[in-house]
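Every chain is numbered from 1, with letters handed out A, B, ... down the list of sequences.
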Amino acid sequence: MSEKDEKINSLVDMRFSEDEANMAIIRCGVDGDLFVLVDSISASRVAGNLDLSNHQVTGRCFDSLEGERKQRLVEERKKKRKRCGCTGQSNQPSLDCNHDEQMLLPNPMVGFNLPNYSPSSVRVTRTILEQDMGPPYFYYENVARALTGVWATISRSLYDIQPEFVDSKHLCAAARKRGYIHNLPIENRAPLLPSPPMTIFEAFPRYKKWWPSWDQRTQFNCLLTGVAGPTLTGKIGRALASAGTPPSQSIQKYVIDQCKRYNLVWVGKNKVARLEPQEIEYLLGFPKDHTRGLGDTNRYKSLGNSFHVDTVAYHLSVLKGMFPNGVNVLSLFTGIGGGEVALHRLGMNMRTVVSVEIDKASKRIFRDWWNQTQTGTLIEIDDVKSLTDDQVATYVTTFGGFDLVIGGSPCNNLAGCNRSSRHGLEGKQSVLFHHYVRILNAVKSAMARK
DNA sequence: ACCAACATGACATAAGTT
DNA sequence: AACTTATGTCATGTTGGT
């Protein structure tokens with residue numbers, strides 16, 4: 001009996017179907033441990049509620065998840081965790097305890113390695129099957145603190161590759177906790193130069209003048225899509241004006257809390273203000289005025305949804321030596337083009353970028369930047385749902401394959417600050433993640449046929 | 001216990017458009 | 001003037017890590 005048959009038999013004995021067993025072996029390889037195969041099947045069962053074969057997936061399908069059913073799922077999850085007795089201390093899957101939901105975040109959140117970190121803190125153990133290495137290389141991004149179980153599911157859909165969690169506060173003056181799954185080499189990475197400022201005062205020395213000693217922030221919190229308006233800053237100003245110097249503990253606490261929540265800065269006596277869009281562009285590694293031309297609301301929103309350029313560039317830097325003649329890029333959920341800006345700042349030539357982005361404002365920003373800085377071909381597509389596997393295959397034939405598939409899928413239903421619809425990976429927007437997987441697999445199979 | 005979190009929806013008001 | 005679209009304000013609860 002072959003190793004494959006033996007494994008299938010074992011799985012069938014565990015009351016999985018033969019089809020499921022076969023699929024799991026195709027996905028994970030014959031060499032995969034039995035528990036990896038079991039994990040893979042459970043993941044497929046969860047993801048299998050979606051039929052992506054006819055591209056008919058729409059947000060509407062998942063509206064039914066809201067309300068009662070969602071509540072039930074949440075309850076079940078809680079019970080399961082309790083029953084399981086998981087302490088959260090183990091990252092290892094095992095058969096007698098369902099660890100589907102476990103994906104602990106590292107502390108410090110420095111990924112596989114970072115510049116300026118001593119080798120002792122470097123974690124370089126990463127298992128990745130030969131068949132899953134590029135080309136095509138792919139790079140996937142989303143918020144680190146998603147709902148429990150989301151990263152485990154994402155990881156399984158992306159060939160069981162272990163996510164790399166990085167907080168960009170180790171690379172710039174603002175926190176940004178993100179998970180990245182990619183099949184890039186992790187040796188010989190190089191950070192962008194010049195090194196970005198690491199503290200608020202290094203980034204904006206002029207704010208020292210009015211910064212009170214009792215505001216001890218040295219870095220910003222995560223730069224979000226929403227910002228404070230004049231009502232809040234006015235209220236803070238009035239509170240301070242009517243307080244003594246220094247203000248009472250309770251006033252200080254109120255002001256500091258608001259400053260932290262909205263990343264406010266000190267611009268005058270008793271005067272705080274939100275960061276300017278241009279300042280956020282700078283903190284995130286974009287060129288000055290990158291998003292200029294939009295209304296401020298749109299600028300904040302698209303920047304809040306964006307990559308941190310230096311972090312992404314650090315990971316992508318390994319591509320530079322591999323593609324001296326430039327790259328063909330398939331960019332999903334392009335947004336304002338953080339990935340492309342990263343490649344550009346690395347000095348890489350983009351021969352072709354096929355960009356998929358539905359938001360008109362973001363598209364305009366990216367197109368304008370492209371026309372100003374690039375000579376390659378830009379192809380724009382509106383919606384990941386409308387990009388068919390056949391179309392992908394045609395692009396692969398036309399351009400001779402994609403070297404990099406890059407994108408971060410919507411975090412709306414995963415992010416902590418979403419109070420109203422944090423429904424997880426099957427939520428209205430975040431469900432588009434499955435199209436990332438579908439399209440990536442379409443690229444892989446088209447390139448394998450070549 | 002405390003803190004932070006690529007947010008959303010309802011609503012009012014402002015700013016364009018026809 | 002009537003209508004559409006953009007912008008601003010406010011209130012809103014949970015989750016996971018530390």
Given [N], is OP1 or OP2 found less than 4.0 Å from the side-chain N or O atoms of [X]?
{"X": "S421(A)", "N": "dA7(B)", "result": "no"}
{"X": "S420(A)", "N": "dA7(B)", "result": "no"}
{"X": "N412(A)", "N": "dT8(B)", "result": "yes"}

- request: Answer yes if the side chains of H182(A) and E141(A) hold a donor-acceptor pair under 3.5 Å, and no otherwise.
  value: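 Looking only at side-chain atoms, E141(A) and H182(A) do not form any donor-acceptor pair under 3.5 Å.
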- request: Check each of R261(A), K260(A), K253(A) against D257(A) using the side-chain hydrogen bond (donor to acceptor under 3.5 Å, both in side chains) test, and report the only one that passes.
  value: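 Answer after filtering R261(A), K260(A), K253(A): K253(A).
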Using a heavy-atom cut-off of under 4.0 Å over every strand shown, decide if [X] touches base, sugar-phosphate, or nothing.
{"X": "P410(A)", "value": "nothing"}
{"X": "R178(A)", "value": "base"}
{"X": "S430(A)", "value": "nothing"}
{"X": "C411(A)", "value": "base"}
{"X": "N107(A)", "value": "sugar-phosphate"}

Just how far, in rounded Å, is [atom2] of [N] from [atom1] of [X]?
{"X": "K301(A)", "N": "dG9(B)", "atom1": "NZ", "atom2": "C1'", "answer": "13 Å"}
{"X": "L414(A)", "N": "dC6(B)", "atom1": "CG", "atom2": "P", "answer": "10 Å"}
{"X": "Q258(A)", "N": "dT9(C)", "atom1": "CD", "atom2": "P", "answer": "14 Å"}

- prompt: Are the side chain of E281(A) and the backbone N or O of T291(A) linked by a donor-acceptor pair below 3.5 Å?
  reply: yes
message: Tell me if the centroids of the rings in F433(A) and Y140(A) come within less than 6.0 Å of each other.
response: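 Ring centroids of F433(A) and Y140(A) are less than 6.0 Å from each other.
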- prompt: Given that L224(A) and D257(A) both sit by DNA chain B, which one's nearest nucleotide is further toward the 5' end?
  reply: D257(A)
